[in-house]
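Worksheet: one structure, shown below.
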Amino acid sequence: MWVQFPDVKHVVMDEVHNYEQRIGTESWHQKARKLVRQHDPANPGYLWFFIDRCQSNHTFPTGLPPESEQRPQFTLKKVIRNSHKIFSHSKDYVPDNDVKNSLEMGHDFEGEDVKVICYSRSAISQIDVVCKTLRRLLNEGYRKGDIAVLFKKEACIPRKLSFQFESATENSSESIVVSTVLKYSGLERPVVVLVDIDDGIIRGRKKKPFIYGAVTRGMVKLVIIRCES
């Protein structure tokens, strides 16, 4: 938003629930409004925000205008990214009961059961559990390009993983993607493996919507690896 766009009339902004309002600066919202009004303030362009309040897991101010000023407003209620079984699991983490009750599926694809793998660090290492899980998924017929492995934060990703992978920026590649939950926000893959993401909480983050944002990255199969020690 620091760049000038003199030819722009319409602005569409996605993942706005993750935007942060910096203190002491003009808000991104004000800058966006200037862009759509820069040619003819009396006949502005369209300014669209896409917001998923269920994934608003942070505690910093977003700079969003009050809901009373967000008009016209359209509510999207049909879930099409996730299978029925992943959708059912994700509803446990929807922070708003009214939203939870209004959500509905936009298809009839059941998908696979959500698999939870519990391990003890005294018996096996986290890397060994992850690698064993990946081998099992590949033996089941999934391709490397189908799989994303997500950790709670960057510091939790092992430095020496025993398999080749790409970052979230290469989500369209044919390689396994390894990333953090936050960097993978807005992305998806048929298979998502979550590694110890509910082990404690990240400072400045709300637990339920953080986990909701993680589990809804999976389209067909969700595997949750959890340490019990």
Side-chain angles (χ1 to χ4, degrees), residues 14-15 17-18 50-57 75-119 126 129-152 156 163 165 168 171-199 201 205-228:
D14 196 13
E15 302 286 322
H17 51 276
N18 285 328
F50 285 90
I51 308 167
D52 188 345
R53 301 189 188 283
C54 294
Q55 294 189 58
S56 298
N57 60 65
T75 302
L76 306 179
K77 299 178 180 180
K78 287 193 176 181
V79 176
I80 60 172
R81 170 186 285 130
N82 315 121
S83 66
H84 268 260
K85 291 183 178 179
I86 293 177
F87 170 71
S88 296
H89 182 82
S90 72
K91 290 182 76 173
D92 291 339
Y93 302 101
V94 176
D96 188 314
N97 284 328
D98 290 336
V99 173
K100 180 190 299 187
N101 294 332
S102 68
L103 292 175
E104 58 185 80
M105 294 301 297
H107 57 73
D108 58 1
F109 176 62
E110 283 294 320
E112 298 192 34
D113 291 333
V114 175
K115 185 175 182 61
V116 179
I117 300 173
C118 298
Y119 74 100
Q126 182 192 77
V129 177
V130 172
C131 290
K132 184 177 179 181
T133 300
L134 293 177
R135 286 195 295 270
R136 184 184 301 114
L137 290 169
L138 295 173
N139 288 336
E140 289 175 2
Y142 289 105
R143 300 174 299 113
K144 292 180 179 180
D146 293 333
I147 304 170
V149 183
L150 306 183
F151 290 81
K152 184 170 64 174
C156 295
F163 56 89
F165 64 91
N171 195 54
S172 59
S173 72
E174 288 302 314
S175 300
I176 294 171
V177 162
V178 174
S179 184
T180 65
V181 172
L182 296 180
K183 288 185 177 179
Y184 207 69
S185 177
L187 300 176
E188 59 192 30
R189 274 200 164 187
V191 183
V192 166
V193 180
L194 304 178
V195 185
D196 290 332
I197 67 160
D198 58 353
D199 180 15
I201 188 63
R205 298 283 167 180
K206 300 173 184 176
K207 190 167 186 175
K208 266 196 169 185
F210 180 83
I211 297 176
Y212 175 81
V215 301
T216 53
R217 299 308 94 202
M219 301 164 66
V220 178
K221 188 178 184 72
L222 177 66
V223 180
I224 299 171
I225 296 176
R226 181 179 296 152
C227 181
E228 291 191 324

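None of the values given here were measured: they were computed from a predicted structure.
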- request: Work out which heavy atom in S179 is nearest to a heavy atom in A168; give both atom names and the distance.
  value: OG-CB, 3.5 Å
field: Exercise: identify the closest heavy-atom pair between C54 and V99
entry: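 Minimum heavy-atom contact is SG-CG1, 3.5 Å.
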Are [X] and [Y] side-chain neighbours, meaning at least one heavy-atom pair lies under 4.5 Å?
X    : Y    : value
H107 : H84  : yes
S175 : K144 : no
F210 : D198 : no
V130 : V193 : no
V149 : F165 : no

message: As a quick check of understanding, evaluate side-chain hydrogen bond (donor to acceptor under 3.5 Å, both in side chains) for S90 and N82, giving each step before the final call.
response: CA-CA 9 Å; S90 72; N82 315 121; 5.1 Å; no
Rounded to the nearest 0.5 Å, what separation is found between the [atom1] atom of [X] and the [atom2] atom of [Y]?
X    : Y    : atom1 : atom2 : answer
I147 : L137 : CD1   : CG    : 5.0 Å
N97  : K91  : CG    : NZ    : 10.5 Å
N57  : N18  : CG    : CG    : 6.5 Å
Y212 : K100 : OH    : NZ    : 11.0 Å
I51  : D14  : CD1   : CG    : 10.0 Å
T180 : L150 : OG1   : CG    : 7.5 Å

field: Test log, rule side chain to side chain contact (heavy atoms under 4.5 Å, CB included), inputs R189 and Y184
entry: CA-CA 10 Å; R189 274 200 164 187; Y184 207 69; 3.0 Å; yes
message: Taking D199 first and then K152, would you say they form a salt bridge - that is, a charged N and a carboxylate O separated by under 4.0 Å?
response: no
Is the side chain of [X] donor-acceptor paired with the backbone N or O of [Y] at a distance under 3.5 Å, no angle test?
X    : Y    : answer
S185 : L182 : no
H17  : D52  : yes
R81  : R217 : no

Show me the donor-acceptor pairs, under 3.5 Å and distance only, between side chains in residues 111-119 and residues at least two apart or in other chains.
from : atom 1 : to   : atom 2 : distance (Å)
E112 : OE1    : K221 : NZ     : 2.8
E112 : OE2    : Y142 : OH     : 2.2
D113 : OD1    : K85  : NZ     : 2.7
Y119 : OH     : D196 : OD2    : 2.7

Atom [atom1] of residue position [X] - does it have more than 12 heavy atoms of other residues, nucleotides or ligands inside 6.0 Å?
X    : atom1 : answer
D108 : CG    : no
L138 : CG    : yes
K207 : NZ    : yes

- prompt: With respect to V192, which candidate in L187, L222, D146 satisfies the side chain to side chain contact (heavy atoms under 4.5 Å, CB included) definition?
  reply: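 Result: among L187, L222, D146, L222 is the only option passing the side chain to side chain contact (heavy atoms under 4.5 Å, CB included) with V192.
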- prompt: What residues, two or more places apart in sequence or in another chain, satisfy ring pair (Phe, Tyr, Trp, His ring centres under 6.0 Å) together with Y93?
  reply: H89
